[in-house]
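Numbers for residues simply follow the sequence, beginning at 1. If you're wondering where the values come from, they're calculated on a predicted model, not measured in any experiment.
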Amino acid sequence: MTTFLILAVLVLVAIAIWQMTKIFELSQIKAVNSQIANDTDNKYNGYLLFLFLIFIYGITIFSFWKYGKMLLPEAASAHGAEYDNLMLVSMVIIFFVQTITQALLHYFGYKYRGEQGKKALFYADNDKLEFIWTIIPVIVLAGLILWGLYTWTSIMDINDEDDPIVVELYAQQFNWTARYAGADNVLGDANVRMIDIDRANILGVDESDDYAKDDIIVKELHLPVGRKVNFKMRSQDVLHSAYMPHFRAQMNCVPGMITQFSFTPSITTADMRNKPEIIDKVKRTNTIRAEKAAAGVENSDPWEFDYILLCNKICGKSHYNMQMKIIVEEEEDYNKWLAEQQTFSQSMASVQ
């Protein structure tokens, strides 16, 4: 509320200054009341173009310096490095072209500003120039698109030949549930019409399907490092998007259909927590949380880094809080954790 009042006051002050300026102009009897820009106007506009050029470059450099540390850390999946390389090359090209074109735009705007008595040269066309500025973007964009398609194809290599773990991610407003395929590594059939809240069958798993008996339903996702995981994704209500930023993985969860994504975790949670950039991020975050806690702000407990599953579609009022903790661990620890979980048949038997 305070921020809104400050902005409102600033807007009102700006309007008042503008009105006073108009009154001052009207009070000048000898003032030139012409809507045509003169040489002085054009000169000032030329200088303003240069000032704005300095501003946009300055704010860009400041943003990299100030907020560069907010970027995601090293990718924690096997395909993440290639994904990051594609993103880096794309951004370097974009910033390189933007820097040159903006500099030329503002320079020419100043150099060729209007002057009294000077007539602009009419230059109808130049086939050579048009060919150059058409073919270069075509080649660059075609290269990026082909590289992107190749990267996407390699990332979307969903098959059963690599002995993957099969996990279902089930989305609903506003939480996630994971279902492991169990010892047979085959998920049982499921349908939203089979949801039975009274029997705690929250995913609509078919109780008559033998493949479903050893399925394991959990609210915290555990993954073994170095082992491929095939994700099957469903949505109960609206369009969601399973987004795991540290693994550079995202796939929409669409009601009425199953979507798929796979990746191989490459860094355990414990190892990621020991990386310098993560240690620095945790320290900065907890400094802010400590200040909020001292001021009596709720939910300001110390934070510890964890991988996380988010929803990347605006799916409703609690979309921001739709998340699930992901733990990447050694396969021995993963197997131990999995063995401690209750199977679907056991959970159904307990509610008889």
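Counting non-hydrogen atoms of other residues, nucleotides and ligands closer than 6.0 Å to OH of Tyr211 gives a total of 12 or fewer. Crowding of Glu340 atom CD: a count of heavy atoms from other residues, nucleotides or ligands under 6.0 Å exceeding 12. Few gaps surround CE on Met194; more than 12 heavy atoms of other groups in view lie less than 6.0 Å from it. Surrounding CD of Glu130 are more than 12 heavy atoms belonging to other residues, nucleotides or ligands, all under 6.0 Å away. For OH of Tyr44, the number of neighbouring non-hydrogen atoms (other residues, nucleotides, ligands) closer than 6.0 Å is 12 at most.
Distance check: Leu141 CG to Ser90 OG gives 9.5 Å after rounding to the nearest 0.5 Å. Ile61 CD1 to Ile56 CD1: the interatomic distance, rounded to the nearest 0.5 Å, is 11.0 Å. Rounding to the nearest 0.5 angstrom, the gap separating the CD atom in Gln102 from the CZ atom in Phe52 is 7.5 Å. A distance of 11.0 Å separates CE of Met87 from OG1 of Thr151, quoted to the nearest 0.5 Å.
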Q. After noting the C-alpha distance and the side-chain angles of Gln342 and Ile216, does the key distance pass the side chain to side chain contact (heavy atoms under 4.5 Å, CB included) rule?
A. CA-CA 6 Å; Gln342 193 176 47; Ile216 297 171; over 6 Å; no
Q: Could you check Thr177 against Lys219 for side-chain hydrogen bond (donor to acceptor under 3.5 Å, both in side chains), going step by step and ending with a plain yes or no?
A: CA-CA 5 Å; Thr177 305; Lys219 301 297 288 186; 2.9 Å; yes
Q. Are Cys253 and Arg234 close enough, and set up right, to give a side chain to side chain contact (heavy atoms under 4.5 Å, CB included), and what steps lead you there?
A. CA-CA 5 Å; Cys253 304; Arg234 288 193 297 144; over 6 Å; no
Q: Start with the C-alpha distance between Leu49 and Asn45, add both sets of side-chain angles, then the distance that settles side chain to side chain contact (heavy atoms under 4.5 Å, CB included), and finish with yes or no.
A: CA-CA 6 Å; Leu49 279 174; Asn45 284 332; 5.8 Å; no
Q.
What verdict does the side chain to side chain contact (heavy atoms under 4.5 Å, CB included) test give for Tyr180 and Asp215, after you've listed the backbone C-alpha separation in whole Å, the side-chain angles of each residue and the deciding distance to 0.1 Å?
A. CA-CA 6 Å; Tyr180 290 80; Asp215 288 358; over 6 Å; no
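Outside the 6.0 Å centre-distance limit, the rings of Tyr243 and Phe261 are not counted as a close aromatic pair. Separation of the Tyr112 and Tyr110 ring centroids does not fall under the 6.0 Å cut-off.
Residues passing the salt bridge (charged side-chain N to carboxylate O under 4.0 Å, His left out) test with Asp163, sequence neighbours excluded: Arg227. The ring-ring contact (aromatic ring centres under 6.0 Å, His included) test applied to Phe263 returns Phe231, Phe247, not counting sequence neighbours. When the side chain to side chain donor-acceptor pair (under 3.5 Å) test is applied to Asn185, no partner is found at least two apart in sequence or on another chain. Under the side chain to side chain contact (heavy atoms under 4.5 Å, CB included) criterion, Leu51 pairs with Leu48, not counting sequence neighbours. Not a single side chain to side chain donor-acceptor pair (under 3.5 Å) links Thr99 to another residue, sequence neighbours left out. Applying the side chain to side chain donor-acceptor pair (under 3.5 Å) rule to Trp337 yields the partners His222; only residues at least two apart in sequence or on another chain are considered. Taking the salt bridge (charged side-chain N to carboxylate O under 4.0 Å, His left out) definition, one finds that Asp306 meets it with Arg273, Lys325, sequence neighbours left out. Judged as a side chain to side chain contact (heavy atoms under 4.5 Å, CB included), and not counting sequence neighbours, the contacts of Asn230 are Ile158, Asp160, Pro164, Lys228, Ser262. For Asp237, the side chain to side chain donor-acceptor pair (under 3.5 Å) test picks out His240, with sequence neighbours left out.
Hydrophobic clustering, with ILVMFWY side chains joined whenever heavy atoms are under 4.5 angstrom apart, groups Val89 together with Leu86.
Asn274 places a side-chain N or O within donor-acceptor distance of the main-chain N or O of Ala270, the cut-off being under 3.5 Å. Side chain of Asn335 to backbone of Glu331: a donor-acceptor contact under 3.5 angstrom is found. Without hydrogens or angle criteria, Thr101 side chain to Gln98 main chain gives a donor-acceptor distance under 3.5 Å. No donor-acceptor distance shorter than 3.5 angstrom exists from the side chain of Arg248 to the backbone of Ala78, with no hydrogens or angles considered. Between the Asp214 side chain and the Asp184 main chain, a donor and an acceptor come within less than 3.5 Å of each other. In this structure, Ser345 contributes its side chain and Lys213 its backbone to a donor-acceptor pair below 3.5 Å.
Within the structure, the side chain to side chain donor-acceptor pair (under 3.5 Å) test picks out the following pairs touching residues 284-293 (sequence neighbours left out): Asp280-Arg284. Pairs engaging residues 47-70 under the side chain to side chain donor-acceptor pair (under 3.5 Å) rule: none recorded [sequence neighbours left out].
Across Tyr83 and Ile155, no two heavy atoms sit closer than the pair CD1-CD1, 4.5 Å. Across all non-hydrogen atoms, the minimal contact from Pro265 to Val328 is CB-CG1, 3.8 Å. Heavy-atom minimum distance, Phe344 versus Ala212: CB-O, 3.4 Å. Val167 and Ala178 make their closest contact through CG1-CB, 4.3 Å (heavy atoms, listed as atom of the first residue, atom of the second, distance). The shortest non-hydrogen separation linking Leu221 to Leu169 is CD2-CD2, 4.2 Å. In terms of heavy atoms, Asp84 sits closest to Ala75 at OD2-CB, 3.6 Å.
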Under 3.5 Å, sequence neighbours excluded: what are the donor-acceptor pairs made by side chains of residues 308-318?
{"from": "Asn312", "atom 1": "ND2", "to": "Gln250", "atom 2": "OE1", "distance (Å)": "3.0"}
{"from": "Lys313", "atom 1": "NZ", "to": "Asn252", "atom 2": "OD1", "distance (Å)": "3.0"}

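By the 4.5 Å heavy-atom criterion applied to side chains, Ile93 and Leu144 are counted as neighbours. In this structure the side chain of Glu168 never reaches within 4.5 angstrom of the side chain of Met233, judged on heavy atoms.
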